[in-house]
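The structure appears below as structure tokens.
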Amino acid sequence: MKKIRVTIWNENVHETEESALGDLCRSFYPHGIHNYLKEALQAEDLEIRAVSLDMPEQGLPQEVLENTDVLMWWGHAAHARVEDALVDRIQARVLSGMGLIVMHSGHYSKIFKRLMGTTCSLHWREVGEKERIWKVARRHPIYEGVPETFVLPHTEMYGESFDIPDDGKVLFLSWYEGGNVFRSGVTFLRGNGKIFYFSPGHETFPIYHDENVQKILGNAVRWAAPEVYREPWNEFIREGHEKIYTENPLAKVDTSALHKSV
């Protein structure tokens, strides 16, 4: 069986802070969210590696990217530290077919905003309120084994309006104890790549310990995995499939240089 090559990227900032916040984060994720998810999502059909911002080349050298079928991204406090050159490489890889799972505050990451073309801004509140998550589409592979609705007892609120493009398919909708709602699980297609944004997963709540959250992320990895990679292309086609009778006004103009530059 050919395994899906998964790379879990985490900025790993909160987990290494010497502070009350860092202590709380480590109480749930002692070796970082990326390493926790690596263990939680282990399966026979997945080959998972965990990397972080503080590693050489920010954890994602070209060799790692080229050997990644699905990239999972968790960021919050260090979006600005991610180099634009790395964002360029990730974007190119997604457009070629690599899957991308963007988690929680990754909505504000450089790569997600780049691929969405919007601000990806939202409303938020952090008081540890209850979140109820609903499946809202008829069917989807990411739903496999997930109940119609489930509750996270304590979470950070993300609320509408959420500035993402209208071409996304909403799979999950969240309702919060304070009355807000949010499109908490949305899929997108960009080039040949599949993208899934999933908001539940705050660093100081044990949300990734929840079996339903783990099931959703595992299903998303399998859904986003590419069947084949295709490099983006822009091909000049001289002849049509049918005879063209319209006279070409440029027939006497040498356009070869233009064609070569395409």
Side-chain angles (χ1 to χ4, degrees), residues 1-12 15 28-53 55 57 59-75 89-90 93-104 106 111 133 135 137-150 152 169 171-172 184-203 205-230:
M1 172 178 44
K2 184 179 180 181
K3 295 189 176 185
I4 300 171
R5 301 167 299 176
V6 183
T7 300
I8 304 174
W9 186 94
N10 174 23
E11 64 183 29
N12 199 34
E15 299 97 317
F28 299 124
Y29 309 110
H31 305 293
I33 289 172
H34 54 315
N35 284 307
Y36 181 85
L37 286 174
K38 177 183 177 180
E39 296 303 317
L41 300 180
Q42 284 291 340
E44 290 186 0
D45 61 333
L46 304 181
E47 179 183 299
I48 308 176
R49 81 176 84 198
V51 301
S52 56
L53 179 67
M55 296 173 67
E57 297 189 60
L60 291 171
Q62 189 63 35
E63 181 183 0
V64 170
L65 273 178
E66 289 178 356
N67 288 280
T68 297
D69 298 315
V70 179
L71 175 64
M72 302 180 70
W73 189 274
W74 199 101
R89 295 197 298 271
I90 297 171
R93 184 70 174 160
V94 170
L95 296 178
S96 297
M98 183 183 73
L100 178 65
I101 313 299
V102 177
M103 299 178 287
H104 192 57
I111 183 59
I133 301 168
K135 295 193 299 190
R138 282 285 185 177
R139 58 184 64 85
H140 196 278
I142 294 178
Y143 285 164
E144 185 67 31
V146 179
E148 180 182 18
T149 183
F150 64 97
L152 298 173
K169 180 177 179 61
L171 297 187
F172 295 98
S184 51
V186 190
T187 64
F188 299 90
L189 302 178
R190 290 294 181 269
N192 296 307
K194 298 177 182 178
I195 301 169
F196 178 57
Y197 171 72
F198 190 60
S199 64
H202 192 262
E203 68 276 4
F205 298 111
I207 292 170
Y208 291 124
H209 292 244
D210 185 273
E211 292 183 0
N212 291 312
V213 170
Q214 294 176 12
K215 174 66 71 173
I216 289 168
L217 291 175
N219 289 346
V221 164
R222 295 170 176 89
W223 167 79
E227 296 180 6
V228 64
Y229 286 99
R230 296 185 180 89

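Because the structure is a prediction, the values reported are computed rather than measured. All residue numbers in this chain count up from 1 along the given sequence.
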**Item:** For the student: nearest non-hydrogen atoms of L41 and G218, plus distance
**Value:** CD2-N, 4.1 Å
**Message:** By the definition side chain to side chain contact (heavy atoms under 4.5 Å, CB included), identify the one residue from I4, V6, V70 that meets it with I48.
**Reply:** V6
**Nearest atoms (heavy-atom pairs only) where P147 meets N212** = CD-OD1, 3.1 Å
**Request:** Determine, using ring centers only, whether F172 and Y197 are less than 6.0 Å apart.
**Result:** no
**Message:** Could you measure the distance from the OG1 atom of T187 to the CD1 atom of I142? Nearest 0.5 Å is fine.
**Reply:** 6.5 Å
**Request:** Using the six-membered ring wherever Trp is involved, compare the ring planes of H209 and Y29 and label them parallel, tilted or perpendicular (cut-offs 30° and 60°).
**Result:** tilted
**From CG (D69) to CZ (R222), nearest 0.5 Å** = 13.0 Å
**Request:** Run the numbers on M103 and I33 for side chain to side chain contact (heavy atoms under 4.5 Å, CB included), then give the verdict.
**Result:** CA-CA 11 Å; M103 299 178 287; I33 289 172; 5.6 Å; no
**Item:** Parallel, tilted or perpendicular, as decided by the 30° and 60° cut-offs, for the rings of H202 and H104
**Value:** perpendicular
**Message:** So, applying side chain to side chain contact (heavy atoms under 4.5 Å, CB included) with L71, which one of I8, V51, L60 is it?
**Reply:** L60
**Asked** So, do N192 and P226 sit near enough that their side-chain heavy atoms are less than 4.5 Å apart?
**Response** no
**Message:** Is it the case that the side chain of T149 and the backbone of I133 share a donor-acceptor pair, with hydrogens and angles ignored and the cut-off at 3.5 Å?
**Reply:** yes
**Prompt:** Between the main-chain N or O of A137 and the side-chain N or O of Y143, is there a donor-acceptor pair closer than 3.5 Å?
**Reply:** yes
**Request:** Give a yes or no answer on whether the side chain of W74 reaches the backbone of G201 with a donor-acceptor pair at less than 3.5 Å.
**Result:** yes
**Request:** State whether the number of non-hydrogen atoms from other residues, nucleotides or ligands found under 6.0 Å of E211 atom CD is greater than 12.
**Result:** no
**Contact check, side chains of N10 and Y36, non-hydrogen atoms, under 4.5 Å** = no
**Request:** Determine whether more than 12 heavy atoms belonging to other residues, nucleotides or ligands lie under 6.0 Å from atom CD of E144.
**Result:** no
**Distance-minimising heavy-atom pair for H34 and S52** = NE2-CB, 3.9 Å
**Item:** Minimum side-chain heavy-atom gap L171-F198 below 4.5 Å
**Value:** no
**Message:** Using 0.5 Å steps for rounding, measure from the NZ atom of K169 to the CZ atom of F196.
**Reply:** 12.0 Å
**Request:** Could you grab the distance from atom OG1 of T68 to atom CG of L100, nearest 0.5 Å is fine?
**Result:** 11.0 Å
**Request:** For the pair D45 (side chain) and K3 (backbone), establish whether a donor and an acceptor sit closer than 3.5 Å, ignoring hydrogens and angles.
**Result:** no
**Prompt:** Taking E148 for the side chain and K135 for the main chain, is one N or O donor matched with an acceptor at less than 3.5 Å?
**Reply:** no
**Prompt:** Atom CD1 of I111 and atom CD1 of I195: how far apart are they, to the nearest 0.5 Å?
**Reply:** 7.5 Å
**Request:** Please report the shortest heavy-atom distance between I101 and A224, naming the atom on each side.
**Result:** CD1-CB, 4.0 Å
**Request:** First locate atom CG of L65, then atom OG of S96, and finally report the distance between them rounded to the nearest 0.5 Å.
**Result:** 11.0 Å
